[in-house]
Every structure is written in C-alpha cells, then in structure tokens.
Undergrad: 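After the structure tokens below, expect a handful of questions from me.
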2 protein chains.
Amino acid sequence: MLTNASKYAIRSVLFLAQNSNIDKKYGAKYIADELDIPVHFIAKLLQPLVKKGIISSLKGPNGGFYFTPDNGKFKVCDIIEVIEGKNIFDSCFLGLPKCGDSNPCPVHHIVAPFKSELLKKFNMSLNEFKEDMDNLGTFLTLPTKK
Amino acid sequence: MLTNASKYAIRSVLFLAQNSNIDKKYGAKYIADELDIPVHFIAKLLQPLVKKGIISSLKGPNGGFYFTPDNGKFKVCDIIEVIEGKNIFDSCFLGLPKCGDSNPCPVHHIVAPFKSELLKKFNMSLNEFKEDMDNLGTFLTLPTKK
DNA sequence: GATATAAAAGATAATTTAGTCTTTTATTTA
DNA sequence: TAAATAAAAGACTAAATTATCTTTTATATC
Ligand code: SF4
Ligand code: SF4
C-alpha cells in the first residue's frame, strides 16, 4: 500500500516533529541511525520535503533537519503526495476496474471503512497528529533503541 | 499491500470458481480478456496454482483452466502464499521494527482490526467464499464487461 | 497417425522501487 | 578568509516486480 520511501519519510517527519525544533536539529545520519533507515536514502527523501515546506533544514555546522510550528500545518497526506507523486489511495485492494459502493468486491465492506478512517487520520495536521501521539502514547521510534 | 500478481491470481481463481467446471473450461486468453489482465502474465501465474491444486487444467483442444469442488477446499490465503512465497501480512503499515499491540504506532488501532478481519475472510475456503459472493451479491468481473 | 489446440516451461525485456556514491553549495566557526 | 560541516544535487547501481516472447509437451479430433 505504501512504498518504503513513504514509510521512511513519514517516520522521519514525525520523529522531527516530536524531537526537534529550531535549536535542536538532527543530521540525516542521526535520523537514519535512530529509525534504522539507509542513510543516503533518507537524505534523498528529505530534500523534496524541505522544498515543499513540510520540514525545515539548514546547511553547515550545527545544521541539520528540524521542525517548526509552521511545518506542523502540513498533513501526513502531503508527505505521501510529495514522495509518491499523487493519490496512492486510488488503487484499491483487488485492483478492479470499476468497483465501489455500488459494485462492491467481496472485501469492500472491510476495506472501505478502513480506508476512510485512515484517510481521516492522515488528513490531520502534523501538529494535531503529534498531539494525538503524545496523548495516546503511541510510538514511532521504539523504546529499545537509543 | 498485495502485488499485481496476487491480485490477478485471486481474481482469476475466483472467476473460475464462479464460472467454470470440468465441462466448462476457460483458456488463459479468455480469462485475460474477461478480467483485463495481460495474457502471458496470467498464464504464468496460473501454472503454480495448478501445480498446488488450487485450480485444475487440461491441455489440448477443448482444454483450459477450470475449477472442481476439490479445488474449493483451498483458501484465498493459499493463493497469496503460492504467488508471493510467504506471509505477506507480516510487514505492516509503517514498517516499524518492533511494534504491535503493546507498542502501537499511531494507526495501529485502525490497522490491526482491519488486518484481522481481512485475514478471517481470506482464511475462508474458496467454496465458502464463493457462497458468500453469491449471497451478498459482490462482484469480481464487472457487469460492464462481456 | 497427422493436425490443431492449449497449457507448461523457460528465457528475456522493461519498468519501478530501492539504495549507493560523488560532487557541489551554503553556513558556521576559528 | 580558511577550514570544517552538513544539506542539496546529481549520477549511478541493484533488486524486485511486471510483462513478453518462444519453444515444448500433452490432449483431442479428424
Ligand atoms: S474494496 Fe471496494 S474499492 Fe477496493 S477493489 Fe474492492 S470494491 Fe473496489
Ligand atoms: S499498525 Fe501496528 S503492527 Fe502495523 S506498523 Fe503500526 S504498530 Fe506496527
């Protein structure tokens, strides 16, 4: 459903949202180690996200990637869109040509509500999403690491 | 989540389950046209399914692929396993290393029940699955075609 | 038995996704 | 202003997925 690229990107952005700010930046190397992602790969992925404004970065010593309240106005969906190009939630489960509520496949009643719940979640702003994680105690970086 | 290969295979098997029997066989060409799948690709995919016993086939004139009550004892999961190699439902949504009920990611409460429902469905025998489709009026081949 | 038919088998090609490596540019600090 | 640092940019390699093409084998029918 999601490519590795998207998964990596989402986790990285959320890591920055939770742990960084303008005075506390993280290099690609650190993020890669922390989230167990190939260094060069994540470095590439973060570039377009910076360009889009979903995360911030600064070159040079004491530079790195970081997150500002402004960055938090974007949504998880935006990350996916930047990385994948477009609507990843178009192609559905069995890849039928013209299906949907009126022509449901055998798993539509399972897939459709799942999709809409997920989409609702992914349409939250990153700031909200972060709040939620704090409140619900959900994790992205696992406790075993670091 | 599922590769094209799996999707194609599932749809083809279900098509045969619904429409074929030992006296009514369908060639790869027909199936491909009907389900809008590349001919050579589906022909390749069906081979291992026959070998496994999930569908039946006969060479020569009047030959083709078909479905018997015995074939119907297999499950959708078996199709996926044959095509993909193994447990496709292992790798999860955000690809975290050590997550789960006790270390949930932000979407675990959405993904976990979806996964278990889907797995329940895919663990039904193909005979049961077929029954279900007839009863619920769900489709795989769309009415527009043929 | 010869011929036609259709699956089985195998080799190959194209595309997408994943991952790596090198060079350039911006920024800080000494 | 020189050196060090880290992102940005770009070129490249590898692997998996998707798809195509060709040859062989089994079966039915004439
Ligand atoms: S789950 Fe719904 S949208 Fe997805 S393939 Fe089935 S019918 Fe189509
Ligand atoms: S949904 Fe559950 S199993 Fe899947 S990545 Fe999140 S925590 Fe892990």
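Here is how names work: the chains are called A, B, and so on, in the same order as the sequence lines, proteins then strands, and each is numbered from 1. Note: hydrogens, waters and symmetry copies are ignored here, and every other heavy atom, side chains too, is used.
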Undergrad: B:Asn4 has a side chain; which of C:dG19, D:dA19, D:dT5 sits nearest to it?
TA: D:dA19
Undergrad: Tell me: CD1 of A:Ile22 to P of C:dT28, nearest whole Å?
TA: 11 Å
Undergrad: Check whether more than 12 heavy atoms from other residues, nucleotides or ligands sit under 6.0 Å from atom CG of A:Asp132, and answer yes or no.
TA: yes
Undergrad: Expressed as a whole number of angstroms, how long is the span from B:Lys59:NZ to D:dT23:C1'?
TA: 12 Å
Undergrad: Heavy-atom count check: over 12 atoms from other residues, nucleotides or ligands less than 6.0 Å from B:Ile22 CD1?
TA: no
Undergrad: Quick check on A:Asn62: does its CG atom have over 12 non-hydrogen neighbours (other residues, nucleotides or ligands) under 6.0 Å away?
TA: no
Undergrad: Take the protein atom CZ of A:Phe41 and the nucleotide atom C1' of D:dT13, then report the distance between them rounded to whole Å.
TA: 13 Å
Undergrad: Can you tell me if the side-chain N/O atoms of B:Tyr26 get under 4.0 Å from OP1 or OP2 in C:dA6?
TA: no
Undergrad: Quickly work out the A:Tyr66 OH to C:dT27 P distance and round it to whole Å.
TA: 11 Å
Undergrad: Classify the nucleic acid contact of B:Tyr8 as base, sugar-phosphate or nothing, counting any heavy atom under 4.0 Å across all strands shown.
TA: sugar-phosphate
Undergrad: Would B:Lys121 count as a cation-pi partner of B:Phe129, with NZ or CZ less than 6.0 Å from the six-membered ring centre and within 45° of the ring normal?
TA: yes
Undergrad: Quick one, which residues of residues 70-85 of chain B touch DNA chain C with a heavy atom under 4.0 Å?
TA: none
Undergrad: For B:Asn62 and C:dA7, give me the distance from atom CG to atom C1', rounded to whole Å.
TA: 14 Å
Undergrad: Any idea which of C:dA8, D:dA4, D:dT18 is nearest the B:Phe65 side chain?
TA: C:dA8
Undergrad: For A:Lys52, does the NZ atom sit with more than 12 other heavy atoms under 6.0 Å from it, leaving out its own atoms?
TA: no
Undergrad: Using a strict cut-off of less than 4.0 Å between a Lys/Arg side-chain nitrogen and an Asp/Glu carboxylate oxygen, indicate whether A:Lys130 and A:Asp134 qualify as a salt bridge.
TA: no
Undergrad: Given C:dA6, is OP1 or OP2 found less than 4.0 Å from the side-chain N or O atoms of B:Tyr30?
TA: no
Undergrad: Compare every heavy atom of A:Leu58 with every heavy atom of A:Tyr66, then report the nearest pair and how far apart it is.
TA: CE2-N, 4.1 Å
Undergrad: Quick check on the 6.0 Å ring-centre criterion: do A:Phe67 and A:Phe15 meet it?
TA: no
Undergrad: With DNA chain C as reference, determine whether A:His40 or B:Gly64 sits nearer its 5' end, using the nearest nucleotide of each.
TA: B:Gly64
Undergrad: Output the rounded distance in Å from NZ (B:Lys51) to C1' (D:dA26).
TA: 15 Å
Undergrad: Starting at NZ of A:Lys29 and ending at C1' of C:dC21, how long is that distance when rounded to a whole Å?
TA: 16 Å
Undergrad: So which heavy atom on B:Pro38 is nearest to which on B:Ala32, and how close?
TA: C-CB, 4.3 Å
Undergrad: Atom CD1 of B:Ile37 and atom C1' of D:dT18: how far apart are they, to the nearest Å?
TA: 13 Å
Undergrad: Residues of residues 42-50 of chain A with any non-hydrogen atom less than 4.0 angstrom from an atom of DNA chain D: list those, numerically ordered, please.
TA: A:Lys44, A:Gln47, A:Val50
Undergrad: Taking only side-chain N and O atoms of A:Ser57, does any of them lie within less than 4.0 angstrom of OP1 or OP2 on D:dA8?
TA: yes
Undergrad: Using 0.5 Å steps for rounding, measure from the CG atom of A:Asn123 to the NZ atom of A:Lys75.
TA: 4.0 Å
